[in-house]
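Atoms considered below: every heavy atom in the structure, side chains included; atoms not considered: hydrogens, waters and symmetry mates.
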Amino acid sequence: MNKFETIIGLEVHLQLKTATKIFCGCANQFGSKPNTNTCPVCLGLPGSLPVFNEQALEFAIRVGIALNCTINSAIKFDRKNYFYPDLPKGYQISQYDKPICSKGFLLVHTGGVEKKFGVTRAHLEEDAGKLIHDPSANASLVDYNRTGTPLIEIVSEPDMRSAQEAYDYLTTLKLVLQYLNVSDCDMEKGSLRCDANVSIREVGAPKFGTKTELKNMNSFKAVKSAIEFEVNRHTQIILSGGKIVQETLLWNEEKGVTVPMRSKEQAHDYRYFPDPDLVSFTIEKELVNHVKSTMPELPKEKFQRFIEKYKLSEYDSSVLIQDKGISDFFESCVKASAEPKKVCNWITSVLLKEINDRKSHIDEMFLTPVNLAGLIRNVEDGVISNLAGKDVLKFMLDTGKSADEIIAEKGLAQVSDDGALEKMLDEIFAAHKDVVLQVKEGKQSAVGFLVGQAMKKSQGKANPKKLGEMINRRISNV
Ligand code: ADP
Ligand code: ZN
Ligand code: MG
């Protein structure tokens with residue numbers, strides 16, 4: 001029996017995809033030439049004044065509503081003061097005691113049950129620039145394009161009790177955020193970042209233990225591994241009579257260990273104070289209502305709708321909604337007049353695997369919904385076999401051509417001409433007299449062998465169902 005209980009709280013930073021930065025008109029764009037998306041405001045030049053981006057406010061409210069938060073009416077921004085070369089102003093504009101959203105929760109399926117994880121707060125802040133270390137020049141370069149891009153920080157309650165629960169929370173949260181359409185949510189590009197706070201305590205202890213904060217994980221899997229490593233490290237220290245030091249550690253992916261970065265600073269170290277350049281303001285009820293009335297559909301709602309509208313099973317629906325792009329693609333196929341259950345089968349049993357193999361995403365494929373619907377029609381009408389259909393799909397993914405085009409080009413249409421099939425069967429029956437005899441004596445499974453031979457001979461172009469019927473007919477007539 002484990003003597004200790006794990007306590008985890010997560011801080012998620014999400015880059016909002018507004019057109020411009022949070023306090024100036026510079027483009028909020030990833031991948032531009034370094035230091036081209038800058039101006040006196042985001043470079044912190046003297047005399048420049050920030051102007052708050054309304055789009056960022058709407059996005060933050062949208063996140064707050066989706067996470068069941070209270071949207072606070074009295075809002076202000078605060079300066080978090082510290083020095084670092086990627087922060088030209090010497091302070092970060094953030095929110096300290098009056099965040100936009102507070103006291104929400106997220107329902108998460110984990111370990112076979114649904115758990116409610118509290119969201120303490122979600123506040124807006126600006127991002128810092130980016131340091132690029134150039135070992136060849138023995139120098140560090142700084143790119144201020146990211147300086148002043150809008151972030152929302154979502155802070156959870158210390159409610160997770162295992163690395164797996166933290167992982168499931170993150171996966172669920174990311175899906176909700178994707179559906180909200182406020183961010184790319186791409187951990188590799190850094191538009192979604194996660195810090196994990198970890199502590200352990202003896203089961204039944206009234207208070208939490210000392211926590212450590214983990215940074216530098218660049219996938220959810222890494223978050224899980226880092227937490228597991230840290231729980232183990234805490235346990236060893238406590239079992240050997242030591243004490244946990246409150247500090248921030250960096251996850252080293254290659255070595256699979258956490259490495260101390262700095263001892264933990266306290267809020268007062270930052271000398272938070274209200275930003276005098278940004279007056280406090282009120283979020284009007286009308287704005288919140290407007291955002292509420294224009295909320296995109298959330299994953300849970302889509303899950304329910306797919307079951308009701310398309311008569312899909314819970315399982316099918318849950319697979320489709322796991323990826324917003326896939327669920328939209330599914331609906332477009334149905335609109336292109338394909339049968340929902342058939343589309344679902346093609347997506348879940350063939351398409352998803354192909355996309356996975358390519359380590360890609362549906363949005364990056366040339367396949368269009370109309371073309372997948374066309375492929376399904378060809379298979380249903382018996383123009384091509386199911387097997388050939390899978391091959392056609394592969395070509396469609398990479399070329400964007402229609403099923404009709406590919407079937408014609410590759411000569412994949414099934415041989416359904418009875419004369420041609422009968423002739424082929426003559427040859428097969430002659431070559432495998434023994435098997436034919438077995439079938440006659442009642443060994444039905446041997447029919448499969450004969451069908452297989454015919455499929456091989458026709459290079460997959462024969463219709464197996466039809467072949468089976470023809471073979472049985474022949475044998476019963478003999
Ligand atoms: P800090 O003052 O270090 O920023 P906060 O109280 O603001 O700490 O919490 C930051 C994050 O750490 C939150 O997600 C919170 O849930 C989590 N947290 C707080 N205390 C603990 C603890 N003892 N163990 C694990 N996580 C914790
Ligand atoms: Zn700017
Ligand atoms: Mg804090």
Phe229 pairs by side chain to side chain contact (heavy atoms under 4.5 Å, CB included) with which of Asn252, Val198, Thr258?
Thr258
Can a donor-acceptor pair be found, under 3.5 Å and without considering hydrogens, that links the side chain of [X] to the backbone of [Y]?
X: Ser317; Y: Ser313; answer: no
X: Ser191; Y: Asp186; answer: yes
X: Thr282; Y: Glu284; answer: no
X: Asn197; Y: Leu10; answer: no
X: Glu126; Y: Ile93; answer: yes

Pair [X]-[Y], side-chain donor/acceptor within less than 3.5 Å:
X: Thr212; Y: Glu247; result: no
X: Lys401; Y: Asn371; result: no
X: Glu230; Y: His234; result: yes
X: Lys390; Y: Asn386; result: no

Flag yes if more than 12 heavy atoms outside [X] fall under 6.0 Å of its [atom1] atom; otherwise flag no.
X: Asn289; atom1: CG; result: yes
X: Gln304; atom1: CD; result: yes
X: Gln236; atom1: CD; result: yes
X: Tyr84; atom1: OH; result: no
X: Lys98; atom1: NZ; result: no

Any side-chain heavy-atom pair of [X] and [Y] under 4.5 Å:
X: Leu87; Y: Gln92; value: yes
X: Leu14; Y: Cys185; value: yes
X: Ile200; Y: Ile7; value: no
X: Asp316; Y: Ile307; value: no
X: Ile347; Y: Val319; value: no
X: Lys89; Y: Arg79; value: no
X: Asp275; Y: Asp78; value: no
X: Arg121; Y: Ile154; value: no

Spacing of [atom1] belonging to [X] relative to [atom2] belonging to [Y], to within rounding of 0.5 Å:
X: Lys311; Y: Cys344; atom1: NZ; atom2: SG; answer: 14.5 Å
X: Tyr272; Y: Ser94; atom1: OH; atom2: OG; answer: 5.0 Å
X: Cys101; Y: Ile75; atom1: SG; atom2: CD1; answer: 8.0 Å
X: Tyr179; Y: Leu298; atom1: OH; atom2: CG; answer: 9.5 Å
X: Ile321; Y: Lys300; atom1: CD1; atom2: NZ; answer: 9.0 Å
X: Glu364; Y: Ile355; atom1: CD; atom2: CD1; answer: 9.5 Å

Side chain to side chain donor-acceptor pair (under 3.5 Å) between Glu125 and His123, intermediate numbers included
CA-CA 7 Å; Glu125 59 188 27; His123 66 256; 3.0 Å; yes
Nearest non-hydrogen partners of [X] and [Y], listed with the distance:
X: Ser199; Y: Lys211; value: CB-CA, 3.8 Å
X: Gly325; Y: Asp323; value: N-OD1, 2.8 Å
X: Val41; Y: Ser48; value: CA-OG, 3.6 Å

Can you list everything that forms a side-chain hydrogen bond (donor to acceptor under 3.5 Å, both in side chains) with [X]? Sequence neighbours excluded, please.
X: Asn81; answer: none
X: Glu54; answer: none
X: Gln95; answer: none
X: Lys80; answer: none

Answer with yes or no after comparing the ring centroid distance for Tyr91 and Tyr270 against a 6.0 Å cut-off, counting only values under it.
no
Just checking Tyr96 against Phe273, ring centres under 6.0 Å apart?
no
Tabulate below the donor-acceptor pairs under 3.5 Å that side-chain atoms of residues 20-30 make, not counting sequence neighbours, or state none.
residue, atom, partner, partner atom, Å
Thr20, OG1, Asn53, ND2, 3.3
Lys21, NZ, Asn37, O, 2.7
Lys21, NZ, Tyr144, O, 3.4
Lys21, NZ, Asn145, O, 2.9
Lys21, NZ, Thr147, O, 2.9
Asn28, ND2, Leu16, O, 2.9
Asn28, ND2, Thr18, O, 3.1
Asn28, ND2, Thr18, OG1, 3.3
Gln29, OE1, Ser32, OG, 3.1

Would Asp195 and Arg193 satisfy salt bridge (Lys or Arg N to Asp or Glu O under 4.0 Å), going step by step from the backbone distance to the final call?
CA-CA 7 Å; Asp195 302 337; Arg193 287 165 252 162; over 6 Å; no
Would you list the pairs meeting salt bridge (Lys or Arg N to Asp or Glu O under 4.0 Å) in which at least one residue belongs to residues 162-177, sequence neighbours left out?
Lys115-Glu165
Applying salt bridge (Lys or Arg N to Asp or Glu O under 4.0 Å) as the test, list every pair that has at least one member in residues 325-334; sequence neighbours left out.
Lys302-Asp328, Arg305-Glu331, Lys324-Asp328
Can you sort out the partners of Phe105 under side chain to side chain contact (heavy atoms under 4.5 Å, CB included), two or more places apart, ordered by chain and number?
Asn68, Leu107, Lys116
Residues in side chain to side chain contact (heavy atoms under 4.5 Å, CB included) contact with Asp134, at least two apart in sequence or another chain:
Ser136, Ala137, Leu141
Where at least one partner belongs to residues 299-341, residue pairs that pass ring-ring contact (aromatic ring centres under 6.0 Å, His included), sequence neighbours excluded
Phe306-Tyr310, Phe306-Phe330, Tyr310-Phe330
Salt bridge (Lys or Arg N to Asp or Glu O under 4.0 Å) filter on Glu405, not counting sequence neighbours, yields none
Residues at least two apart in sequence or cross-chain that pass salt bridge (Lys or Arg N to Asp or Glu O under 4.0 Å) with Asp86, listed by chain then number, are none
Strictly below 4.0 Å, N to O, side chains only: are Arg146 and Asp127 in salt-bridge contact?
yes
Check against side chain to side chain donor-acceptor pair (under 3.5 Å), Gln15 and Asp184
CA-CA 8 Å; Gln15 223 168 52; Asp184 294 340; over 6 Å; no
